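Right, one structure below, let's go through it.
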Amino acid sequence: MPALRASSAPRLRSFILLVMVEEPRTLLLGATAACISRYGIAKTTIENVARQAGLSRATVYRYFPGGREQVIGECITWEVGRFFVRLAEHVEDTGDFAARLEKALRFAHRAVAEHELLQKVLETEPERLLPQLTVSGPLVVAVVRDYLEPLLAEEDLRQGITAASAADWLARMVLSFIVGQGSWDLTDPASVHRLVNEHLLAGVLAPGRPPVETDVTQ
Amino acid sequence: MGPALLDIVEERADHPDATVGVDRLRDRLLEASVVSVARVGVAKTTVAEVAKLAGCSRATAYRVFSGKHGLLAAAASRELTSFEVRLGRRLDRAPTLEEALVIAVVESYRELAGHRALQFVLRNEPGVVLPFFGFHHTDEIYAAVGRFAVSRLSRFLEPTPAAWAGEWVARTVLSHLFHPGDDVRLGHQPDARRLVIHYLMPALMAADGTMSAPTSSSPNP
């Protein structure tokens with residue numbers, strides 16, 4: 001799978017389009033995910049993907065001339081894309097930037113923990129999954145950054161902070177926390193509130209904002 | 001002294017003069033294995049080849065290490081310890097907290113990005129090493145770096161903010177290692193300093209605006 005350069009990253013909308021392409025490509029990506037779930041990555045072949053999708057091997061190769069490696073790689077990127085679309089949808093109507101970030105971290109942490117396929121593959125074949133995730137890494141950072149930048153541009157930022165640089169750093173931190181919560185408990189709204197307001201945004205947002213009640217029941 | 005240095009000192013105490021030769025042989029084998037991995041990677045590195053590079057027989061190498069896995073695990077551990085010691089010395093000499101944090105970021109990034117064996121494996125055999133940086137394992141990394149930061153930054157920070165500083169450095173360095181960006185080069189001091197000043201220092205300030213420094217009169221953060 002060719003390396004995805006961060007500078008060629010589409011905006012989130014385009015990424016969504018990339019992710020929600022028409023049949024039968026989507027059908028094949030879904031079939032690949034089903035095969036991975038059933039057989040694991042190592043034992044997922046063009047044959048069983050074709051069978052799962054109810055299409056011929058020739059059809060699969062037409063859409064994925066790179067074969068097994070390509071369809072598996074694109075399936076993983078597709079699943080990552082779907083994850084971030086769900087995440088964006090979940091925080092859509094949250095007004096306050098800090099509250100949006102808190103909601104995002106809580107949701108993302110739960111979504112990863114409850115993602116059966118991801119957890120299964122991490123346990124059985126991490127060496128086959130992680131390289132693919134690393135390849136799509138720069139693209140994901142760029143997508144999250146592109147999403148955050150216009151939101152940050154509307155906020156009162158600290159002296160010397162640009163929306164662009166804050167978006168880049170926050171995107172990296174969001175991704176980092178999705179992968180691992182470290183010393184924080186992302187299932188605890190109070191812990192997430194402290195992380196976001198006293199640590200992640202301490203250097204980003206101008207001080208002296210009126211305190212906003214976070215809806216900790218969400 | 002950090003825990004790693006203490007381990008080395010204790011190990012030396014357990015190996016009196018009579019076995020100094022084994023110590024040096026062990027070191028030579030570990031060095032040789034790193035050289036081999038940098039050249040041909042993990043899969044193609046053999047105990048036989050490493051023994052040749054270290055100037056001893058295969059049989060001797062197997063006496064010192066139980067096999068390839070034991071050899072490479074010990075080599076990785078030694079690289080880490082050696083870096084910990086070097087970084088620790090530089091941090092101990094840092095005049096201010098800001099300097100210490102910038103040094104931590106720049107030196108960690110340069111060490112990882114410039115480590116030929118690690119980079120060979122990341123580029124050509126990512127499946128071998130990425131699991132050590134994946135999901136659940138990052139928590140262990142952050143905990144270890146946090147402990148190191150608490151001991152190294154104790155003259156500047158209380159344990160809680162020090163642990164966050166360590167975790168912050170680890171998250172930032174790993175992010176740039178795996179997803180390098182065009183705008184920020186972590187091996188470049190001014191870029192690292194900008195990140196430290198903008199995004200880390202404000203988070204280390206206590207709520208009242210003072211640095212959460214460990215003086216006898218300061219309250220716990």
Side-chain angles (χ1 to χ4, degrees), chain A residues 4-7 41 112-113 118-119 121-123 125-142 145 157-162 164-184 194-195 197-205 207, chain B residues 121-147 149 160-161 163-168 170-184 186 191 194-207 209 212 221:
Chain A
L4 298 159
R5 294 202 61 236
S7 57
I41 294 178
V112 164
L118 171 65
Q119 292 302 330
V121 176
L122 279 176
E123 195 175 334
E125 305 171 292
E127 72 285 357
R128 289 187 187 275
L129 171 66
L130 295 172
Q132 284 299 337
L133 289 182
T134 306
V135 165
S136 65
L139 175 62
V140 174
V141 171
R145 182 179 65 222
L157 302 178
R158 278 175 76 111
Q159 276 268 18
I161 302 290
T162 63
S165 81
D168 184 78
W169 183 72
L170 280 173
R172 290 171 178 282
M173 288 298 109
V174 165
L175 206 57
S176 178
F177 273 97
I178 289 175
V179 171
Q181 62 178 8
S183 60
W184 302 85
R194 231 177 24 251
L195 168 64
N197 291 280
E198 293 173 23
H199 290 74
L200 295 182
L201 297 181
V204 175
L205 300 181
Chain B
V121 179
L122 276 174
R123 264 197 293 273
N124 303 293
E125 305 170 301
V128 166
V129 75
L130 285 178
F132 293 100
F133 295 101
F135 290 84
H136 309 302
H137 294 102
T138 56
D139 292 349
E140 293 162 19
I141 294 174
Y142 300 144
V145 175
R147 284 192 298 272
T160 304
W164 169 243
E167 186 174 325
W168 186 100
R171 288 186 183 274
T172 303
V173 168
L174 287 180
S175 175
H176 284 268
L177 187 72
F178 292 122
H179 322 306
D182 299 322
D183 300 327
V184 174
L186 274 201
D191 287 8
R194 217 172 303 122
L195 285 190
V196 165
I197 290 175
H198 285 163
Y199 304 119
L200 178 55
M201 298 294 277
L204 299 176
M205 307 280 256
S212 39

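Numbers restart at 1 for each chain; the letters A, B, ... are given by sequence-line order, proteins then strands. Just so you know, these numbers come straight off a predicted model, no measurement behind them. In what follows, every heavy atom counts, from backbone to side chain, and hydrogens, waters and symmetry copies are set aside.
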Quick check: do B:Phe132 and A:Leu130 have side-chain heavy atoms less than 4.5 Å from each other?
no
Can you tell if the side chain of B:Tyr199 reaches within under 4.5 Å of the side chain of A:Leu200, non-hydrogen atoms only?
no
Rounded distance [0.5 Å steps], CG in B:Leu200 versus NE2 in A:His199:
9.0 Å
Given a strict heavy-atom distance threshold of 4.5 Å, which part of B:His176 is in contact with chain A: side chain, backbone, both, or neither?
both
Go through B:Ser175, B:Ala170, B:Gly146 and name the one with the most non-hydrogen pairs under 4.5 angstrom from chain A.
B:Ser175
Which answer fits A:Arg172, side chain, backbone, both or neither, if we ask what part of it has an atom under 4.5 Å from a heavy atom of chain B?
both
Given heavy-atom pairs under 4.5 angstrom as the criterion, report whether the side chain, backbone, both or neither of A:Glu123 touches chain B.
neither
Measuring from A:Ser165:OG to B:Arg194:CZ, what's the distance to the nearest 0.5 Å?
8.5 Å
Atom CG in B:Asp183, atom CZ in A:Arg145: separation rounded to 0.5 Å?
6.5 Å
Between B:Phe135 and A:Leu118, is there a side-chain heavy-atom distance shorter than 4.5 Å?
yes
My understanding is that only one of A:Val135, A:Val179, A:Thr134 makes a side chain to side chain contact (heavy atoms under 4.5 Å, CB included) with B:Phe178; could you say which?
A:Thr134
Please give me the minimum heavy-atom distance between A:Glu127 and B:Gly127, naming the atom from each residue.
CB-O, 3.2 Å
Mind telling me whether A:Trp184 and B:Trp164 have parallel, tilted or perpendicular rings, with 30° and 60° as the class edges?
perpendicular
When the 4.5 angstrom heavy-atom criterion is applied to A:Leu157 and chain B, the contacting part is neither
Would you please name every residue forming a side chain to side chain donor-acceptor pair (under 3.5 Å) with B:Arg171, sequence neighbours left out?
A:Ser176, B:Glu167
State the CD-CE distance between A:Glu198 and B:Met205, to the nearest 0.5 angstrom.
14.0 Å
Heavy-atom distances under 4.5 Å only: say whether A:Leu175 touches chain B with side chain, backbone, both or neither.
side chain
Side-chain heavy atoms of B:His179 within contact of A:Val140, under 4.5 Å:
no
Quick one: what part of A:Ala166 sits under 4.5 Å from any heavy atom of chain B, side chain, backbone, both or neither?
both
